[in-house]
Undergrad: 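Once you've had a glance at the structure underneath, I'll fire off some questions.
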Number of protein chains: 2
Amino acid sequence: MSSCDLCVVRNRAICAALDSKELEALNAIGRTRNITSGESLIWEGEDSVLVANVIEGVLKLSTNTEDGREQIVGVVYPSDFIGRPFGGKSGHGVTALTDAKVCVFSRRDFDAFSREHPKLEHKLLERTLGELDRTRRWMLLLGRKSASEKMASFLIEMSERLTGSGCKVDADKPNQRHLVLPFSRQQIADVLGLTIETVSRQFTRLKNEGVIDLPSRRDVTILDYQALVAEAG
Amino acid sequence: MSSCDLCVVRNRAICAALDSKELEALNAIGRTRNITSGESLIWEGEDSVLVANVIEGVLKLSTNTEDGREQIVGVVYPSDFIGRPFGGKSGHGVTALTDAKVCVFSRRDFDAFSREHPKLEHKLLERTLGELDRTRRWMLLLGRKSASEKMASFLIEMSERLTGSGCKVDADKPNQRHLVLPFSRQQIADVLGLTIETVSRQFTRLKNEGVIDLPSRRDVTILDYQALVAEAG
DNA sequence: TGGTACCCATGATCTATGTCCAGTTGTGAC
DNA sequence: GTCACAACTGGACATAGATCATGGGTACCA
């Protein structure tokens, strides 16, 4: 029995394209790896040497200007794919925001394997097209939205992406939900293209307006989801 | 002889993955279409019904907020691929910036064809991965760069993308190059997440500093490429 | 050759957000 | 417990870029 049979993302990651025999072959060239919060798996600008599937945890993709400003260009969750297949350099670093578990492959091995398995490549293509859509939507936010619109959009996105892992919707209160952010205030600022102070002020404003509650630094209770949707623009 | 044999992007578009027999089959489900400047091929939010290859011209991909602010999320050139294969809605409109010629396919037909031709899907995957890299790089610009850095980055990107079609490098003057922009001032603003006034002021500043010259509204002569690189941050 | 409509440049203001800094809260070590 | 450090909040002020307003080019059409 291959260890993949026990994998929690077996049916959601790109591996879902493979039958058990193929999966065994893929498993033979990969290995699982644990990463602690804050640790990097890939660095910006280095040659692409490895790719991976996320099994557990949340990781950020980020780029920096030479003088140290940072922009988070993507966030990946369990079952998401990481890395740049088919050559080239990695345009962004990949760093764990929480403790994480990933299934890593040498990029060369993975490239060769995927070229022989069109169903896998097809899954990867669908996933990449989806990621491109999501990224382009985020460009509208970065280029054209105000700080308050950015914050509202961020909280909505978080409540959608964290469903199941860090976000619970109570059947009694459909307009209300609770989430545990995998981000510090600075990281939220780096996602939204704002400063930490602006993010902090937006949080307190939303709290004062009764739209959210902040039980602790990493916890957010959305009290009025519709108000957020209206504010997201 | 299929009409593809005469196609100028035959060896650069995703079609390059196909042999002449396969190409004939693809050609049978596609047709060329001329688009005049300003005309749209795909509208934001509509179901994805067609995909296409660009043969001639330049087109923009853009999204809008409900109250009319626009962000250009991508620009496509000859040999680039347009549209969203494998279902879903189009997240952005596609509009010609110049007169253009494209090779269009029904999305359903194309989906079916590509699933039967892994080499085509592979090309499409490589192209999509490249586009995702480029898009993520642009996020750093939108989220973290100043107006002057944005303008410098824009002019550099233009001089790179237009090489061959609208940009000439003179061997005598390697630090100098000429380009014909496919954008109005407003469209440049929509690419950079700025207003038209800021774009205009940046142009005159760069001109006054001797970094560029502006022979006409759509023409830019870069006089000091290195200065632009330094300013792009 | 004059009209008209768009596109662009530029000056004068305004304001959202950045910057700087001081104070507070939470957390983990010993 | 308390010490030390990092994360966060919030006030005061500065400013890049937006907004508003005007006038000049340039192309197109009659």
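Within every chain, numbering begins at 1; the chains are lettered A, B, ... in the order of the sequence lines, protein sequences first and strands thereafter.
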Undergrad: Are the side chain of B:Trp138 and the backbone of B:Gly74 linked by a donor-acceptor contact shorter than 3.5 Å?
TA: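 Side chain of B:Trp138 to backbone of B:Gly74, a donor-acceptor pair under 3.5 Å: no, none is there.
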
Undergrad: Quick one: are B:Phe183 and B:Val75 in side-chain contact, heavy atoms under 4.5 Å?
TA: yes

Undergrad: What string of B, S and - do you get for nucleotides 4-19 of chain D, 5' to 3', if B is base contact, S is sugar-phosphate-only contact and - is no contact with any protein heavy atom under 4.0 Å?
TA: ---BSBBBB----SSB

Undergrad: With side-chain contact (heavy atoms from CB on, under 4.5 Å) as the test, pick out the partner of A:Phe154 among A:Leu228, A:Val199, A:Leu181.
TA: A:Leu181

Undergrad: So where does chain B start and stop touching DNA chain C, 5' to 3', when the test is distance under 4.0 Å to a non-hydrogen atom?
TA: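 First and last nucleotides in contact are C:dC7 to C:dA12.
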
Undergrad: Cation over ring, B:Arg161 on B:Tyr77, under 6.0 Å and within 45°?
TA: no

Undergrad: Determine yes or no for a side-chain-to-main-chain donor-acceptor pair under 3.5 angstrom, with B:Arg69 supplying the side chain and A:Arg144 the backbone.
TA: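 Yes: the side chain of B:Arg69 pairs with the backbone of A:Arg144.
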
Undergrad: Is any side-chain heavy atom of B:Leu214 closer than 4.5 Å to a side-chain heavy atom of B:Leu206?
TA: no

Undergrad: What is the minimum heavy-atom distance between B:Gly57 and B:Thr98, and which atoms define it?
TA: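 Minimum heavy-atom separation between B:Gly57 and B:Thr98: CA-OG1, 3.3 Å.
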
